[in-house]
Amino acid sequence: GAGADNDLYINQAIVFIEDAIQYRSINHRVDSKSLWLYRWYYSRTCQWILSLTITVILALAFIEEPSSLTVTSDVRYRLPAWNPPCGLTESVELLCFLVFVVDVSVKSYLIGWKEFWKNKWLMAYILTLIVSLTDWIVSLSFFCKESVRIRRILRPFFLLQNSSMMKKTLKSINSTLPEMASVVLLLAVHLSLFTMFAMLLFARTKDNQQDKEWVVYFRNLPDSLTSLLVLLTTANNPDVMIPAYSKNRAYSIFFILFTVLGNLFLMNLLTAIIYNQFRGYLLKSVQSSLFRRRLGIRAAFEVLSSLKETPASAQQSCVSVGALLQVLQKVEMDSRCKQAITRSLKMCSCDQLSAAQFQKVFEELDKDAIKQHPPSPEYQSYFMQKLQFAFGHPYFGYLGNVVALANIISICVVLVMDADKQPSERDDFFLGAINCFFILYYLLEMLLKILAMGLKRYLSYPSNRFDGLLTVILLILEIATFSVYGFPHPGWRPEFMGLLSLWDMVRLVNMLIVFRFLRIIPNMKFMALVVTTLLDLVKNLRAFAGILVVVFYAFAITGIMLFKGAVVPLGNTSFLIQTPFPIKKVVVGCFKEKNVISWHSAHFQAEIIYCHLYVLSVHLICRWAKIYFVAWWLISSVIWVNLFVALLLENFIHKWDRRCQRESLSDIEYQRTVELMFRDVLEEPTEEELMEKLHQHPHLQLCR
């Protein structure tokens, strides 16, 4: 009876609080068995298995035929790639599909039948699995010899549907498309008008020698449109105007006007519109995340207020502090937040919490993550205290930066002096000697800092970890160099020994020394602000990067199917081949001048790396293939780059506005998330909105 009900309420509260922490929807089954299954599904082990499965199925493209497992991509020097036998990758793929079937089955059961029909992502998930399994069966029936595999294009969907933030970002992008379409339409009008002008301006004349511009770039409408579209990307600038410019300088006005209007005005206008619109939609998305968090916390309060130990005489619903402490012990959450909430509850003077107090307790989840550095050691000796003061002072760090700058300058001087010398004429004594001196100083500096700050405090700073790691690597390389080649001396040019020659070892050491010079960044406030902005983007905007992976992957797979075998190193002739689509083979000799001989559109890795290079030579294959590359340019360069700029600006402006508030707190590191970026402008949901949503819960029956 009462004991079983209390256990159910406790488990419900645990799950609701975990939903609030992760911004998950609470519209799922809440009976005992379903709660156990729900927590098991969202456990670290299950989510790790699901993430691993997604990674494996995406990585299959690198080893499937045509394989990317070659050292070089140059068709002249590449050995035949290893292609797995039929059934090997298909078996791995089947295991991944089985994991996805379990995943979608558990999700569908947990949200219930009614909610399932409202969830478009789940229905798309099932449809994708059905199509993929059907295509998998077809592959086996053809003994893996089929040329088109539809399921490979669908693989990125598994990554997309597994991230709620990725789906929100995609929804925001979809909502922004109408505004972007207006500028893209204006861009198309601009392109079309200048194409007409170009065809009239560079029309064919009687003098064939003066028609180079017409022959190469503006022979017909498709070629003219392509030439100006490529000019909009500046990829063929100034090549496209050289023939006309050679004939008459005044022709340059046409190309200048086209570039100024297209690149400086329309493209930047598109960036401004995307920044304005996407920021608004992302803000709405984050606002809905905040609502989910508040709703989860309020749902936990409501179920805990139904416990039998709650005083019956209470005029309003309340939750005992003891019950909440019991729940917190079982909740999976950040230890910092759990300790802070537990500490505030123990310091609370009251035994019962109202709804407002309950929500206030969990405001700790919305605060910045603060990392305080361990204290420095306390020395009793007066001499050690003086040493600690001297080597722990910021000026000692500035001295290290000056020494690092001197090291960089000395390396530059040596490189300039030896630039034109043959390896046999080069004397590595001076470079080896200065490297030895500076590395010994770096080692001494690291040890003195550890003495002054203590090992724990020293390692708590990312800049010190970076500095110390490179110092240790440099020391190991220097010891290895001395053990193989001896100490530096005039005429120090020993023969190749071991894995690396002396010059290779010295170059490796010098590259690490140059890389180590980045230690100056934390000492320059504005540079540090820019770097931390970029690092925040890397850490927090994984959803944005995930969608970028989806776009690259889908276009790469599509490119393989469209252009597989289109380029072969056979000579200077072109001929038709049997491919999935009617395209012409293009010989490698055509590409020698452009230095894209390694591109042949035949395997996954090459597709990702050389998409931008191949668009320059697309006219050599066939005209309709331009649609593929124009779509790639619009999505990856026009839309996606502008979205990245918008998010970069938002993050940078946010940090710029807050920098003055924290200049005095140099000993504290603040770690922010995407949600916290907009925390200052978000609106708190009202009591009525929360209760209305709770009463609409398909599986939860509230007492009031």
| Phe466 side chain near Leu470 side chain, heavy-atom distance below 4.5 Å | yes

| request: Using the side chain to side chain contact (heavy atoms under 4.5 Å, CB included) rule, take Arg204 and Val215 through it: C-alpha gap first, then chi angles, then the decisive distance, then the call. | output: CA-CA 8 Å; Arg204 190 175 186 178; Val215 171; over 6 Å; no

| message | Under the side-chain hydrogen bond (donor to acceptor under 3.5 Å, both in side chains) definition, can you give me all pairs with a residue in residues 250-267, not counting sequence neighbours? | response | none

| remark: Separation between CG (Asn237) and CD1 (Ile256), nearest 0.5 Å, reads 9.5 Å

| field | Spacing of Trp632 atom CH2 and Phe552 atom CZ [to the nearest 0.5 Å] | value | 3.5 Å

| field | All side-chain hydrogen bond (donor to acceptor under 3.5 Å, both in side chains) counterparts of Arg151, not counting sequence neighbours | value | Glu93, Asp135, Ser139

| query | Taking side chain as C-beta onward, heavy atoms only, is Leu232 less than 4.5 Å from Leu266? | reply | no

| task | Under the ring-ring contact (aromatic ring centres under 6.0 Å, His included) rule, collect the residues that match up with Phe254, sequence neighbours excluded. | result | Phe194, Phe202

| query | Going by atom types only, do Asn236 and Tyr217 share a side-chain donor-acceptor pair under 3.5 Å? | reply | no

| Are Lys212 and Ser246 side-chain neighbours, meaning at least one heavy-atom pair lies under 4.5 Å? | no

| remark: side-chain hydrogen bond (donor to acceptor under 3.5 Å, both in side chains) filter on Thr271, not counting sequence neighbours, yields Asn642

| field | Set of residues satisfying side-chain hydrogen bond (donor to acceptor under 3.5 Å, both in side chains) with respect to Asn162, sequence neighbours excluded | value | none

| said: Side chains of Leu159 and Ser163, heavy atoms from C-beta outward: is any pair under 4.5 Å? | reply: no

| request: Can you tell me which residue pairs pass the side-chain hydrogen bond (donor to acceptor under 3.5 Å, both in side chains) test with a partner in residues 180-192, sequence neighbours excluded? | output: none

| message | How long is the straight-line distance from CZ of Phe218 back to OG1 of Thr226, given to the nearest 0.5 Å? | response | 10.5 Å

| Heavy-atom neighbours of Met196 CE exceed 12 at 6.0 Å | yes

| said: Quick check against the 3.5 Å criterion: does Lys167 have a side-chain atom that pairs as donor or acceptor with the backbone of Leu160? | reply: no

| query | Would a 4.5 Å heavy-atom cut-off, applied to side chains only, mark Phe258 and Leu191 as touching? | reply | yes

| From Trp214 atom CH2 to Asn220 atom CG, the distance as rounded to the nearest 0.5 Å | 8.5 Å

| said: Give me the atom names and distance for the closest heavy-atom approach of Leu231 to Phe255. | reply: CD2-CD2, 3.8 Å

| field | Asp467 side chain reached by Tyr442 side chain, heavy atoms, under 4.5 Å | value | no

| message | Would Phe438 and Leu474 count as a side chain to side chain contact (heavy atoms under 4.5 Å, CB included) here? Give the steps. | response | CA-CA 10 Å; Phe438 283 113; Leu474 285 170; over 6 Å; no

| Do Tyr553 side-chain atoms and Leu58 backbone N/O form a donor-acceptor pair below 3.5 Å? | yes

| task | Taking the side chain as every heavy atom from C-beta outward, state whether Leu229 and Val630 have any atom pair closer than 4.5 Å. | result | yes

| request: Write down the atom of Phe158, the atom of Ser132, and the distance for their closest heavy-atom approach. | output: CZ-OG, 4.3 Å

| said: Looking at every heavy atom in both Ile153 and Met561, which two are closest together, and how far apart are they? | reply: CD1-CE, 2.9 Å

| Rounded to the nearest 0.5 Å, how far does CE of Met166 lie from CG of Leu548? | 10.5 Å

| said: Atom CG of residue position Leu60 - does it have more than 12 heavy atoms of other residues, nucleotides or ligands inside 6.0 Å? | reply: yes

| Short question: side chain of Ser224, backbone of Met199 - any donor-acceptor pair under 3.5 Å? | no

| message | On a heavy-atom basis, which atom in Ala554 and which in Pro156 lie closest, and how many Å separate them? | response | N-CG, 4.3 Å

